[in-house]
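Numbers here simply count residues along the sequence, with the first being 1. Keep in mind it's a predicted model, so treat the numbers as computed, not measured.
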Amino acid sequence: MADFDVIVVGAGPAGSVASYLLAKKGYTVLLVDRGKRVGSKNMFGGRLYAWSLQEVFPNFWEEAPVEREVKKEVLGFISGNEGVEVSLSWEPQAKSFTLLRAKFDEWLSQKAEDAGVEVISGIRVESPLIEGGKVKGIVAEGDERLESEVVVAADGVLSFMAEKAGLRPPLRKEDFAVGVKEVIELPKEKIEDRFGLEGKEGAAQLYIGFTGGVIGGGFIYTNLNTISLGVVARIGSLYESLDKVQYSMWNLLDEFKAHPMIRKYVRGGKLVEYSAHLIPETQFLREVKLYSDGIVLVGDAAGFCVNYGVTVRGMDFAIESAKAAAEAIDHALKSGGATSSNLSKYLELLNKGMMRELDQAKKAVDLMENPRIYTSYPNLIIKLMKHMFHVSGRPRKSLYEASKEFMKEESISLFTAIRDIWKMLRSL
Ligand SMILES: Cc1cc2nc3c(=O)[nH]c(=O)nc-3n(C[C@H](O)[C@H](O)[C@H](O)COP(=O)(O)OP(=O)(O)OC[C@H]3O[C@@H](n4cnc5c(N)ncnc54)[C@H](O)[C@@H]3O)c2cc1C
């Protein structure tokens, strides 16, 4: 007899939600995480879209350690020392929250524990336990073997569980982007004044144009009394630029933070945390098999994450995939066992639900591969704004004449601009 019905590896959002739902269905579940405390090693940019978790825990924000509800969106374009910010203050129908993962992930795993899941932290799982070509459990550090009917690999972007179970090829640098982030402490009132917020309102601010053509950008998310500030870049694009510009992620972050438009937000703040993490790129998903006999992949381990170039979205997909996995595992265990064919319900559920959303999101990712987005267009927008507001008492060119001149300077033909706008309208 197996030690547990289900063993879940990794207590990020995917692992905790899968464990919680399976325990609620009456299964014995073990959730193992390598972090000393659950969540202690986990990082992200800063914003959780609430839709998928809301179905598991209605109004979770009333109880969970979320920081602020996002009510202000800013898109910023940077060129040299100058910049333009476009800002939207709104009452979104679909909620989203800023949060800090160490606190949030601990809360989520506590929900799983309260539902009866056995949660163990500080233990690294080395590999799946494979017998006769089927996954039968896990091998944890110290050669500790534990058996289960099914294993959920929720061990994040580097998922050695997926690789060792033969569900995806070994990793290559093209499969990833990378993000670095600082958490900067500031008094709550200062954050509200600087970002134009009231009470628990939060801001999500994204910036492009400072990366020297590297596909990537910067983000700022406001927490209650800290700011999450960071930079995301495609690793392939970073490599290609290495001989032109000596960019490392940390000096990109320093440049971003020191920019005149950005430094005013963090002035006088105290650095309390810094971290770096990989992000799966979309081609990753194409090469992954999502399940096989005795094992299911969820969250980043399956590649369910979208890197839009500047901002990343993965937590909501991780949670949604965990819900589908829990349902598929329940179905399989009630239908005679976690065979590949019984687990195929997982793909069925994903295809009916979040895959459509993910496919739509991937179109936006293709759009963000356009290098002009990171150089020419921010320059063009800033030049046009400067032209509009320039008053010297002398006659100046019309905006039309100026646009033609600036487009030429940025090597953007009218045809290219129309094509890019058309693509943007169809992708977003
Ligand atoms: C810079 C950056 C910014 C991002 N910004 C956002 C954002 O603003 N919004 C958003 O929705 N998403 C964002 N994401 C993506 C988001 O963080 C991920 O998609 C999400 O965390 C995936 O959840 P997960 O549970 O699948 O994996 P993870 O959160 O990575 O959790 C994996 C867990 O597995 C554990 N683990 C790993 N290996 C083992 C092992 N061998 N044994 C035991 N335990 C193990 C880890 O300790 C960890 O707890 C960002 C990502 C990055 C890197």
Side-chain angles (χ1 to χ4, degrees), residues 43-54 59-62 64-79 82-101 103-104 179 181-210 216-232 253 256-257 259-269 272-273 306-316 361 364 368 373 377-378 381-382 385 424 428:
M43 75 86 95
F44 84 144
R47 177 184 199 159
L48 167 68
Y49 291 95
W51 64 280
S52 54
L53 192 59
Q54 202 170 336
N59 295 356
F60 68 86
W61 50 88
E62 289 169 6
V66 297
E67 297 282 321
R68 291 174 180 270
E69 182 175 352
V70 177
K71 298 253 177 118
K72 186 173 180 189
E73 319 276 347
V74 171
L75 192 54
F77 304 95
I78 289 176
S79 174
E82 295 168 331
V84 169
E85 283 179 323
V86 183
S87 154
L88 165 74
S89 292
W90 66 325
E91 278 296 333
Q93 281 182 342
K95 288 181 182 293
S96 67
F97 297 90
T98 60
L99 54 88
L100 295 160
R101 288 288 298 275
K103 284 196 258 175
F104 188 81
K181 169 180 148 178
E182 290 184 357
V183 177
I184 298 161
E185 196 175 78
L186 273 169
K188 182 174 172 292
E189 299 70 34
K190 256 200 181 132
I191 293 180
E192 283 151 21
D193 283 352
R194 286 183 189 179
F195 288 85
L197 306 168
E198 282 181 344
K200 285 197 86 182
E201 285 176 352
Q205 312 204 157
L206 306 175
Y207 296 87
I208 48 176
F210 65 94
F219 60 81
I220 301 179
Y221 295 101
T222 55
N223 304 311
L224 263 187
N225 52 14
T226 57
I227 289 171
S228 296
L229 176 147
V231 171
V232 171
L253 181 71
F256 177 53
K257 211 169 56 169
H259 189 276
M261 200 165 68
I262 304 301
R263 67 177 178 233
K264 64 180 194 280
Y265 289 123
V266 291
R267 199 175 37 229
V272 288
E273 188 186 311
V306 180
N307 171 17
Y308 294 94
V310 194
T311 178
V312 184
R313 193 178 144 197
M315 267 187 90
D316 54 335
M368 298 309 277
I373 290 179
Y377 287 124
I381 290 166
I382 288 164
M385 292 282 284
M424 189 176 84
L428 293 178

Self-check item: Non-hydrogen atoms of Val70 and Pro92 that approach each other most closely
Solution: O-CG, 3.6 Å

Practice problem: For Lys181, enumerate each residue passing the salt bridge (Lys or Arg N to Asp or Glu O under 4.0 Å) test, keeping only those at least two apart in sequence or located in another chain. | Solution: none

Quiz item: Considering residues at least two apart in sequence or located in another chain, which fulfil the salt bridge (Lys or Arg N to Asp or Glu O under 4.0 Å) criterion with Lys188?
Solution: Glu192

Quiz item: Under a 4.5 Å cut-off applied to non-hydrogen side-chain atoms, are Phe97 and Leu53 in contact?
Solution: no

Quiz item: Glu67 and Leu224: which non-hydrogen atoms are nearest, and at how many Å?
Solution: OE1-N, 2.8 Å

Quiz item: Thr98: what forms a side chain to side chain donor-acceptor pair (under 3.5 Å) with it, not counting sequence neighbours?
Solution: none

Practice problem: Look up atom CD in Glu69 and atom OG in Ser96, then write down how far apart they are to the nearest 0.5 Å. | Solution: 7.0 Å

Quiz item: Step by step, would you call Tyr49 with Arg313 a side chain to side chain contact (heavy atoms under 4.5 Å, CB included)?
Solution: CA-CA 8 Å; Tyr49 291 95; Arg313 193 178 144 197; 4.0 Å; yes

Quiz item: Can you find a heavy atom in the side chain of Met368 that is under 4.5 Å from one in the side chain of Asn307?
Solution: no

Self-check item: For the student: nearest non-hydrogen atoms of Asn223 and Arg68, plus distance
Solution: O-NE, 2.6 Å

Quiz item: Quick one: side chain to side chain donor-acceptor pair (under 3.5 Å) partners of Tyr221, sequence neighbours excluded?
Solution: Thr311

Exercise. Only counting residues at least two apart or in another chain, list the ones meeting side chain to side chain contact (heavy atoms under 4.5 Å, CB included) with Lys190.
Key: Leu186, Pro187, Arg194

Quiz prompt | Residues in side chain to side chain donor-acceptor pair (under 3.5 Å) contact with Ser79, at least two apart in sequence or another chain | solution = Asn379

Practice problem: Go through the structure and list residues passing salt bridge (Lys or Arg N to Asp or Glu O under 4.0 Å) with Lys200, not counting sequence neighbours. | Solution: none

Quiz item: How long is the span from the CD atom in Glu82 to the CE atom in Met385, to the nearest 0.5 Å?
Solution: 11.5 Å

Quiz item: Can you name the residues that form a side chain to side chain contact (heavy atoms under 4.5 Å, CB included) with Glu201, not counting sequence neighbours?
Solution: Lys71, Leu197, Glu198

Quiz prompt | Close side-chain approach of Phe44 and Met315, heavy atoms under 4.5 Å | solution = yes

Practice problem: Could you tell me which residues satisfy side chain to side chain contact (heavy atoms under 4.5 Å, CB included) with Phe256, sequence neighbours excluded, listed by chain and number? | Solution: Ile78, Tyr207, Phe210, Ile220, Leu229, Val231, Ile262

Quiz prompt | Set of residues satisfying ring-ring contact (aromatic ring centres under 6.0 Å, His included) with respect to Tyr265, sequence neighbours excluded | solution = Phe195

Quiz item: By side chain to side chain contact (heavy atoms under 4.5 Å, CB included), which residues pair with Glu185, not counting sequence neighbours?
Solution: Thr226, Lys270, Val272

Quiz item: Say you draw a straight line from CD1 of Ile208 to CG of Leu75; how long is it, rounded to the nearest 0.5 Å?
Solution: 6.0 Å

Quiz prompt | Side-chain heavy atoms of Lys72 within contact of Thr222, under 4.5 Å | solution = no

Exercise. Of all the heavy-atom pairs spanning Met261 and Phe77, show the shortest one and how long it is.
Key: CE-O, 4.1 Å

Practice problem: Output the distance between atom CZ (Phe104) and atom CG (Leu48), rounded to the nearest 0.5 Å. | Solution: 5.0 Å

Self-check item: Any donor-acceptor pair under 3.5 Å from Arg47 side chain to Val312 backbone
Solution: no

Exercise. Indicate yes or no: at least one non-hydrogen side-chain atom of Pro378 is less than 4.5 angstrom from one of Val84.
Key: no

Quiz item: How long is the span from the OG atom in Ser228 to the CE atom in Met43, to the nearest 0.5 Å?
Solution: 9.0 Å

Exercise. Not counting sequence neighbours, which residues clear salt bridge (Lys or Arg N to Asp or Glu O under 4.0 Å) with Lys257? List them please.
Key: Glu182

